[in-house]
Amino acid sequence: MKKLRTLVCLLLVVLMVLALGACGSKKSDDAEISKAAVPGKEGSGYKYDSVTIGCSIMPNFITGTTPAENDGACSLVFDEVFKVDPVTKEVKSEILEDWHFEDDTTLVMKLKDNVYFSNGDKATAEDVLFSYSSHVDRSSAYIWEFNILYDECEIVDELTLKMKFSTFYSAFFSSYIIYLYDKSWAESVGWDSLDWQKPVGTGPYVVSDYKIDDHATFTARDDYWNKDKDPVTIREWVLKYYKDTSTMEMDLEAGNIAMCQFSASEYERFQKDGGKGYDVLTGSAGVNHFFQMGFLENDCWYDKNIREAFAVGIPWDEFGQVVLGVTWKQATSSVPSDSPEYKNVGTYKYDLEKAKQLMTAAGYSEEKPLEIHTVTMESPYFSKCCEAFEYYCNQMYVKFTFDLKDIAATINDWNTPGSGVECGFYYDNFGSQDGQYVRGLDWAANPNGSNWTFIDDEYYDNLYLEVAASTDLQTRIAKSQELQQYTYDEFLAIPYSEMTFQVGYRTDVFGKAQMERAVMNSEYWNLANMSYASAWN
Amino acid sequence: MAKYIIKRILWAIPVLLGVLIIVFTITYLTPGDPVQTILGNGYTPEKYAKKAAELGLDKGYLAQLGSYIWNVVTRFDFGKSYMTNIPVITELTTRMGTTFSIAFLSIIVTILIGIPCGIIAAIKQYSALDYGFTSFALICSAIPSFVIAPVLLVVFGVKLRWLPLSGLDEWKSYILPVFVNALGGIALLTRMTRTSMLETIRQDYIRTARAKGLRESVIIWKHAMKNTMIPVITVTGSWLAMLMGGALIVELIFSIPGLGTYLYGGISNRDYPIINGSVILTAFIVCMMSIVVDILYAVVDPRIKAQFSSGKKKKKSVQAAKEAA
């Protein structure tokens, strides 16, 4: 027994030494090559045989069916009908030979003659039409998120189609991405089929393995229709799924994955300590964070004094820093600063005394405070928003109360008039790749959206709809800038931060310039862009 | 004995039916609407009605319940996930293997460490070993798995790089999740075995065995062990059932596609078929484990086995006893 005791003690000592040694300040060896990337075999023409990256959403190829999807994965398997250049914000198309407006409401698209699906089918105008119309047929979320609907669509010939809109929607090209589906294949398998885990597309890769909640493997196609233009240099992508993002970030640090999104807390740690073997890139999500006033739920917001009191009575920059930490980026307009529409309209100067005077003018005082309420999702972000907002409100004759509920219950309240959602903290999850105003505040002129996001101001709504219907870029930019100024002057929605996102990547696998070209707005990674030979130049 | 087992299995049917009704009712009454969760913001009433009809949620409570029970009982059909469209039964059967492998290994580790620790602590009561094992058990039960798991990940995965951080791709991937899963069980089993063993070795028949001059190892392992095992089996059985029900935290942290993560996803998305199917499967496992535990009681304790003997066997044994007399 004495020996056993000695053995146990020794074991404990060894464990403690190991643990202390491991947790010490010495970082892991940065010279170590990531296990996440396997170099390509000599003569294979591939830079990497396999690259593993992390994702917190399991790839879903039926786009628009769920709130969450993985555009990075989709970009490997499908071609987008339209896409936006991440640097110039110019709308492009790899599969269309030409597209133009015949008039303000008629769009003509002509497909290239050599676009082929992975099953050998040739892509036609019917497939392009189906890629849009299927969203309507299967009640996709896209159809109420933005207007992809057309009143008429005419197939002019095998490769040409003409779409006629009652009102064109400017974010048609750059908001949600429409992937080219093979109509005959999709109709033969149906929307419920598990065949959608390995879909047919025109993209440079096919899904070779798919295990739900675990991983998806994408293998380069030998018969990719566009391979001569820009050959792919990564033979296989493995998208490893993580339910817990902190494990994913640790796997990046350990070199087990080559890239993943970074949470705000981990980014803060990275900024403080740095990372060995990996770097973190900050990108614009194409939208801003807003404080919005529920005109339809509380009449107080029709009073400009009250709106102005909220604009100047709360230090919004400080508020943004409190709730967003190191990911906060000052918003100087309703659109992000990298948007072609951007106009610097400035920020509201914090003036608590003025806010109190405005509240007094509106009929409120310390004894008779304005009472407002909201319901929002129970998450660290929204909790911080509500708590910080409550603190600032208390100083300016406002009694703010809130309920935090789970996602399903919150959405229920947001869609039910009279649920007490009298204001809220809004950001669009996806935005648009070119940072359009109408995507950042996508329900502001539509009373049928959430009952707290509609801005009930006739001039604003008309201007908004004009911006939304612009087919000409210069006209849209001019009207959008007028709208940004009007929103600021009338205190209709208060932006408190540009929305950013962070992507961590192994520096021994990817280069910074390559990452910047591949990481698009709207938190969208174009993995296909990262695969092409041109990405490494 | 066979009659008893059949009786216990038959009893499981109304239990499972009760669970099914209760779970269905709870999910039905829970605030939040799966149609709204799927559709997001700004849907039209027509779209809502179409989606609700598609999912069968436009009918009343009784119609939905009746149809659900009928499908489960007659076709073993738990429906399809609202989010992925994959039949729940397909996912449950696929994921059960993953969760089972971790649960099974965890319980083996729990038994291999927990029982010897408990026995040594009991027979060496108030010794350094006793204090050591008891303290270890206390620490294990005090540290929740969501604390110990990230610590182990940082130490063994990120810093030392000895073990993989996620998934179950190789044998080494099992070490951390199994250890984290087993920790609570080890603590519980150590304390339970110690208490039970202490109680047993103070009984008269043990004193008699000692008086007869039997060796201590024979007394412990042959005479005391079986009686000690009765409460230990109860704890082990319920622990295994709990692990099979899906060790949620461990599966989430180690990114393991098991039953726990499946249920978690179902709850987050108000995916009723997933919630109902997972809970019914868990209830089924608990029922089965309870039957297995009862059978094991009979194996380790002849008195319990005698209670379960059929009338014929009882008569025979009485007759044999009379003849012997």
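So that the names make sense, note that chain A is the first sequence line, chain B the second, and so on, each numbered from 1. Atom set for the values below is all heavy atoms of this structure, side chains included, hydrogens, waters and symmetry mates excluded.
- Contact annotation: the side chain of B:I256 never approaches that of A:K243 to less than 4.5 Å [non-hydrogen atoms, C-beta and beyond].
- Scanning both residues, A:E253 and B:R161, for their nearest heavy atoms gives O-NH2, 3.1 Å.
- We find the CE-NZ distance between A:M250 and B:K159 to be 11.0 Å, quoted to the nearest 0.5 Å.
- Taking all atoms of both residues into account, the shortest heavy-atom contact from A:D251 to B:L165 is OD1-CD1, 2.8 Å.
- Between A:Q197 and B:I86, some side-chain heavy-atom pair lies under the 4.5 Å cut-off.
- Residue contact with chain B, scored on non-hydrogen atoms closer than 4.5 Å, is absent for A:W196.
- Taken to the nearest 0.5 Å, the CG atom of A:D214 stands 12.0 Å off from the OG1 atom of B:T94.
- Nearest heavy-atom pair, B:G157 versus A:A254, reported as atom, atom and distance to 0.1 Å: O-CB, 3.9 Å.
- Between B:S166 and A:Y242, some side-chain heavy-atom pair lies under the 4.5 Å cut-off.
- Here the side chain of A:T247 pairs a donor or acceptor atom with the backbone of B:I253 at under 3.5 angstrom.
- A:I212 is listed as a side-chain neighbour of B:R95, based on a closest heavy-atom distance under 4.5 Å.
- The environment of B:F179 atom CZ is sparse: at most 12 non-hydrogen atoms of other residues, nucleotides or ligands sit within 6.0 angstrom.
- Considering CG of A:D213 and OH of B:Y262, their distance stands at 9.0 Å, rounded to 0.5 Å.
- Highest contact tally toward chain B, considering only A:D406, A:D413, A:T410, is held by A:D406 [criterion: heavy-atom pairs under 4.5 Å].
- Only the side chain of A:K240 comes within less than 4.5 Å of a heavy atom of chain B; its backbone N, CA, C and O stay farther away.
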